2 protein chains.
Amino acid sequence: MASPPEEEAPGPVGSGPGAAGDGRGEEAFDAALWRYTGYRMRRAWGVVQADMAEALRPVGLRNSTFSALAMVCTRPGLTQTELAQAIAVERPNLVVLLDELAARDLIRRERRESDRRSFALLPTAAGQKLFRRAQALNDAHEARLFAGFDAEERAALNRLLARVEGRE
Amino acid sequence: MASPPEEEAPGPVGSGPGAAGDGRGEEAFDAALWRYTGYRMRRAWGVVQADMAEALRPVGLRNSTFSALAMVCTRPGLTQTELAQAIAVERPNLVVLLDELAARDLIRRERRESDRRSFALLPTAAGQKLFRRAQALNDAHEARLFAGFDAEERAALNRLLARVEGRE
DNA sequence: TATTGTTATACTCTATAACTATA
DNA sequence: TATAGTTATAGAGTATAACAATA
């Protein structure tokens with residue numbers, strides 16, 4: 001597996017004719033890919049995603065269901081449209097996630113009398129309990145995964161990731 | 001849509017009973033989720049992924065096919081197992097990607113005489129040409145997406161992302 | 001008309017087991 | 001037996017169109 005170097009200057013488009021590699025051996029750094037922040041992000045996300053999935057397995061949650069449950073627990077009463085927006089999931093896809101959580105009796109949908117088209121999403125007692133356990137598991141997972149990062153580095157990464165979304 | 005704050009201290013596990021939100025209005029920061037680097041990474045990756053997909057549409061490449069083509073162009077002769085390892089794609093999944101590229105006559109598989117089980121992957125002239133075009137499109141996409149980042153910030157993000165994978 | 005939740009659908013990525021041909 | 005490439009398959013994330021109920 002090719003390893004990334006320290007960093008890579010943004011630089012201009014091509015570094016030459018696309019065919020020739022850099023000629024180094026199996027330790028060769030594949031600059032054509034690693035110079036892209038997007039490629040690095042896919043790789044990093046793959047690692048984090050896999051570790052998180054493993055960490056949440058004991059509570060039967062995935063990344064998506066954890067996010068949904070977290071929002072319902074910390075902002076009870078929000079609607080599905082609001083939740084979809086908050087966690088960046090399309091509404092049709094959210095329905096399935098919520099069905100899953102509701103089937104396990106972790107959340108419930110309550111018709112809003114003020115607008116009977118929408119539901120207020122509420123956590124059940126079991127949902128709150130499971131969420132706290134899931135939170136602890138996820139905290140442990142991140143602590144393990146980012147063990148090599150000090151507080152400043154961690155904060156810097158968090159800040160930079162938020163900025164990628166165009167939010168300040 | 002909830003917005004992230006500056007940053008979030010790693011801190012201990014739970015900040016209290018999971019039910020209560022922070023009570024702010026629609027601008028409320030959903031700390032329960034945004035405190036996780038993993039969550040931020042999923043969100044950031046979603047943005048980058050969507051923008052990259054859009055950018056590569058003119059050349060008919062996706063993130064995965066671009067990565068594969070990039071490796072074949074810059075390290076011609078590598079085998080499928082080596083490529084799968086290099087771009088972190090399972091070998092069975094890589095077969096489909098390479099079939100797609102081969103069907104478009106962008107790459108070709110050449111039996112290795114030294115070990116007739118494996119193929120040497122080689123770019124065609126058309127593949128090299130398309131790759132250079134794709135590279136330009138991807139460069140433009142990253143330049144646009146990371147326009148708000150100066151060279152140092154960009155380098156810092158690249159370095160931190162590489163470290164998430166546990167590589168130094 | 002517009003919006004909320006929903007159904008249906010399709011595409012992509014990811015992951016695993018098992019087969020074949022070669023070694 | 002072990003490895004390279006392959007097939008088949010299943011799970012999950014993501015995206016869009018269209019519908020019923022409600023506003």
Side-chain angles (χ1 to χ4, degrees), chain A residues 38-39 41-54 56-57 60-68 72 77-103 107-121, chain B residues 38-39 41-54 56-57 60-68 72 77-103 107-121:
Chain A
Y39 179 74
M41 205 169 306
R42 169 187 161 259
R43 298 289 303 254
W45 168 239
V47 170
V48 173
Q49 148 66 27
D51 196 84
M52 181 174 176
E54 184 67 28
L56 290 180
R57 198 179 308 276
L61 292 177
R62 302 184 305 283
N63 192 323
S64 56
T65 46
F66 173 77
S67 298
V72 174
L78 86 174
T79 67
Q80 296 189 192
T81 294
E82 289 166 349
L83 175 54
Q85 234 178 324
I87 64 177
V89 166
E90 296 298 323
R91 274 148 308 189
N93 300 327
L94 184 63
V95 172
V96 189
L97 298 184
L98 295 180
D99 285 348
E100 187 180 328
L101 294 175
I107 67 161
R108 62 195 178 85
R109 292 162 161 114
E110 192 176 81
R111 276 280 179 215
R112 279 188 157 167
E113 285 309 320
S114 56
D115 184 344
R116 293 186 52 76
R117 289 174 302 184
S118 62
F119 291 108
L121 298 174
Chain B
Y39 180 74
M41 205 169 308
R42 168 187 161 258
R43 298 290 302 255
W45 167 237
V47 170
V48 174
Q49 148 66 27
D51 195 84
M52 181 174 177
E54 185 66 28
L56 290 180
R57 196 178 311 275
L61 292 177
R62 301 185 305 283
N63 190 322
S64 56
T65 47
F66 172 78
S67 298
V72 174
L78 88 173
T79 67
Q80 297 190 190
T81 295
E82 287 165 352
L83 174 55
Q85 232 179 325
I87 63 177
V89 167
E90 295 298 324
R91 273 147 309 187
N93 300 328
L94 183 63
V95 171
V96 190
L97 299 184
L98 295 181
D99 285 348
E100 188 181 328
L101 294 177
I107 67 161
R108 62 193 179 85
R109 295 164 160 112
E110 192 175 82
R111 277 278 180 219
R112 282 190 155 164
E113 284 310 321
S114 57
D115 182 345
R116 293 186 53 77
R117 290 174 300 182
S118 61
F119 292 107
L121 299 174

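Residue numbers start from 1 in every chain, and the chains themselves are labelled A, B, ... in the order their sequence lines are given, proteins ahead of strands. Keep in mind the model is a prediction, meaning the values are calculated, not measured.
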Item to complete: Summarise protein proximity over nucleotides 15-23 of chain D in one line of letters, 5' to 3': B for base, S for sugar-phosphate only, - for none, counting protein heavy atoms closer than 4.0 Å.
Response: BBB----BS
Worksheet entry | Bend angle of the helix from C:dT1-D:dA23 to C:dA23-D:dT1, end axes from five pairs each (to 10°) | 10°
Nucleotide [N], atom [atom2] - distance to [atom1] of [X] in whole Å:
X: A:L94; N: D:dA12; atom1: CG; atom2: C1'; result: 15 Å
X: A:M52; N: C:dT14; atom1: CE; atom2: C1'; result: 17 Å
X: A:Q80; N: C:dT7; atom1: CD; atom2: C1'; result: 13 Å
X: B:L98; N: C:dC13; atom1: CG; atom2: P; result: 13 Å
X: A:R57; N: C:dA15; atom1: CZ; atom2: C1'; result: 11 Å
X: A:N63; N: C:dT14; atom1: CG; atom2: P; result: 14 Å
X: B:L97; N: C:dC11; atom1: CG; atom2: P; result: 16 Å
X: B:D99; N: D:dT7; atom1: CG; atom2: C1'; result: 11 Å

Practice prompt. Indicate yes or no: at least one non-hydrogen side-chain atom of A:E100 is less than 4.5 angstrom from one of A:V96.
Written response: no
Worksheet item: Are A:L98 and A:F119 close enough that some pair of their side-chain heavy atoms sits under 4.5 Å apart?
Response: no
Whether [X] contacts [N] is assessed here as follows: a side-chain N or O lying under 4.0 Å from the phosphate OP1 or OP2. Is that the case?
X: B:T79; N: D:dA4; result: no
X: B:R42; N: D:dA12; result: no
X: B:T81; N: D:dG5; result: yes

Item to complete: Please indicate whether B:R91 has more than 12 foreign heavy atoms, meaning atoms of other residues, nucleotides or ligands, lying under 6.0 Å from its CZ.
Response: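 Incorrect, the count does not exceed 12.
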Worksheet item: Does a side-chain N-to-carboxylate-O contact under 4.0 Å join B:E110 and B:R108?
Response: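 Counted as a salt bridge, because a side-chain N and a carboxylate O are separated by less than 4.0 Å.
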Item to complete: Inspect the contact between A:R111 and A:E113 and indicate whether a charged nitrogen and a carboxylate oxygen are less than 4.0 angstrom apart.
Response: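 Salt bridge absent between A:E113 and A:R111.
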Counting N and O atoms only, with roles assigned by atom type, does the side chain of [X] sit under 3.5 Å from a partner on the main chain of [Y], one being a donor and the other an acceptor?
X: B:Q85; Y: B:E82; value: no
X: B:R112; Y: B:G77; value: yes
X: B:T65; Y: B:L61; value: no

Discussion item. How close do A:R62 and A:L97 get, counting heavy atoms only, and between which atoms?
Written reply: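 Minimum heavy-atom separation between A:R62 and A:L97: NH2-CD2, 3.6 Å.
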